[in-house]
Amino acid sequence: MESNIVKIFDTTLRDGEQSPGATMTAAEKLEVARALARMGVDVIEAGFPAASPDDLEAVRRIAIEVGNSSDGSPVPIICGLARTTQGDIDKAWEAVREAAHPRIHTFIATSDIHMQYKLKMERAQVLEKVKSMVAYARSLCDDVEYSPEDAGRSDPEFLYQVLEVAIQAGATTLNIPDTVGYTMPDEFGALIAGIIKNTPGIDKCVVSVHCHNDLGLATANTLAGLRAGARQAEVTINGIGERAGNTALEEVVMSLFARRQLLDLSTHIDTTQLTRVSKLVSNYTSMSVQPNKAIVGANAFAHEAGIHQDGMLKNNLTYEIMRPETVGVTQSKLVLGKHSGRHALKERLVSMGYTLDEEALNKVFDRFKVLADKKKTITDADIEALISDEIYQPKIIYTLDGLQVACGTMGLPTATVRLVGPDGGKHIYAAIGTGPVDAAFKAIDAIVEEPSTLVEFVIHAITEGIDAQGEVTVRIAAEHLPATKDAQKESERVTTFGGYGADTDIIVAATKAYLSALNKLLVATGKYGPVETPAVLAVGQA
Ligand code: KIV
Ligand code: ZN
């Protein structure tokens, strides 16, 4: 089945969402799925339907709305994950069955460590499970993927046996995970080559690779697997995922693109959408992207050293292996001032790939006018920040209505905060702190009365210049959410929440980010009704 097209299987909404604090609402997941589909992803793993009724419903919505097309244009396969149990497989099928191209992905571990300590099963029992449950999945769905979890640490001879059984039971894709990110690239490449050589019937299936990044080798291992003959790569946007994360989609896609002469492999991805989708996922998960991150980091195309700048001016091939435009980085500046119109902003948004409904456009336009009063040139990055700050927000329970701080080298840092609460009433509190941000957060805590611990605070300037906007992401951990009765649900429960804020005043940006995380925490307490965010934004090629 070898071809030179690599299928991109995106698991941002399943493995990616498993990273602490990266939880998204159903509406956010739907928007990410739409953006992935527009970008040309072949398979979207939309979630783990057996995890909770909410997860099942989120996958079902994606299957219906993203997994079908009204005009005959191609749509991605929509996949749901399941353990090798009938209950999990039934739920996965219920979630994906309405997609035009549904897939069930089932897994069970095959390493001795996992079988002995986690599963407490013998090899023969695992083989039996694979046989019966892959066959059961196949009785429901024509497209079945099987993964031997922890394949990277499994005995290759046993893997060949397990995979042969899975093929005979009807698996159509065999995914080989390096679950704990342990293997070295040559070792992982040899594992894939060995599987392809020694597993009877494998030529009828697609071989897939799924690597974790615990040693920083996920992309290298994935590329080694592809060079050894795998033709599906399982990846996440920005490489998000448990622990050190998964293989980053943008790194694999751009490696194949930049080194196409060497590798002779390509994907269906429209690379010009990479930057925008990265930003979308970063905003929804409140997981900021490190500035030196390959492909999508803020500095990925910045040249600072004089020698580099000189070379770039002479010929950009000196220090650039790909053009920033290829991944959707634009240098354009929107030189619109306070007299510029709504129409001009709308046009710019469309050319950036955003299609906003009227209400969202009005909100962004109001914010644009305020910003244009303060800042001379407004770049695309400024606009992205406005959209993030205005649109990608959780269900709002408390809104910031006013903030005043006093700080400096004299006196105590003090913040007075005014919030509009769920009852519509205004709440004011003044607090002192170690600095203005601490004081503002303390004042908010005194009003909201929902205990949490600040575990991460990241601030950076969106654009250069003294009048730049500041962007803040925070992560808070809940101190006591009401306990659930179900032990399984208790262990899987989300207790970390992220928030995002942008403003030319960094204390305001920080306060908004904190409030946005707190709003998510408040929703999770269940005291304020169902979790939902209206989907108002379409992201993609206009
Ligand atoms: O890392 C892993 O092993 C997984 C499997 C469920 C494919 O995510
Ligand atoms: Zn994984």
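First listed ligand is number 1; within each ligand, the first listed atom is number 1.
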At less than 3.5 Å, what protein N or O atoms come close to the N or O atoms of ligand 1? Include the distances to 0.1 Å.
unit_1, atom_1, unit_2, atom_2, d
ligand 1, 1 (O), H210, NE2, 3.2
ligand 1, 1 (O), H212, NE2, 3.0
ligand 1, 3 (O), T179, OG1, 2.6
ligand 1, 8 (O), R14, NH1, 3.4
ligand 1, 8 (O), R14, NH2, 2.9
ligand 1, 8 (O), D15, OD2, 3.1
ligand 1, 8 (O), H210, NE2, 3.1

(message) For E94, is there an ion pair with R60 - N to carboxylate O distance below 4.0 angstrom?
(response) no
(message) If the threshold is 4.0 Å, N to carboxylate O, is there a salt bridge linking E149 and K129?
(response) no
(message) If the threshold is 4.0 Å, N to carboxylate O, is there a salt bridge linking D112 and R123?
(response) yes
(request) Return the minimal non-hydrogen interatomic distance between I44 and A37, and the atom names on each side. (result) CD1-N, 4.2 Å
(request) Inspect the surroundings of NZ in K293 and state if more than 12 heavy atoms from other residues, nucleotides or ligands are less than 6.0 Å away. (result) yes
(request) Provide the closest heavy-atom pair for I202 versus I196 in the form atom of the first, atom of the second, distance. (result) CG2-O, 3.4 Å
(message) My understanding is that only residues two or more places apart in sequence, or in another chain, count here; which of them pass side-chain hydrogen bond (donor to acceptor under 3.5 Å, both in side chains) with N292?
(response) Q290
(request) Can you establish whether the number of heavy atoms outside L262 located under 6.0 Å from its atom CG is more than 12? (result) yes
(message) Show me the pairs that pass salt bridge (charged side-chain N to carboxylate O under 4.0 Å, His left out) and involve residues 181-198, at least two apart or across chains.
(response) none
(request) Check which protein N, O or S atoms are less than 2.8 Å from the Zn ion (ligand 2) and report how many there are. (result) 3
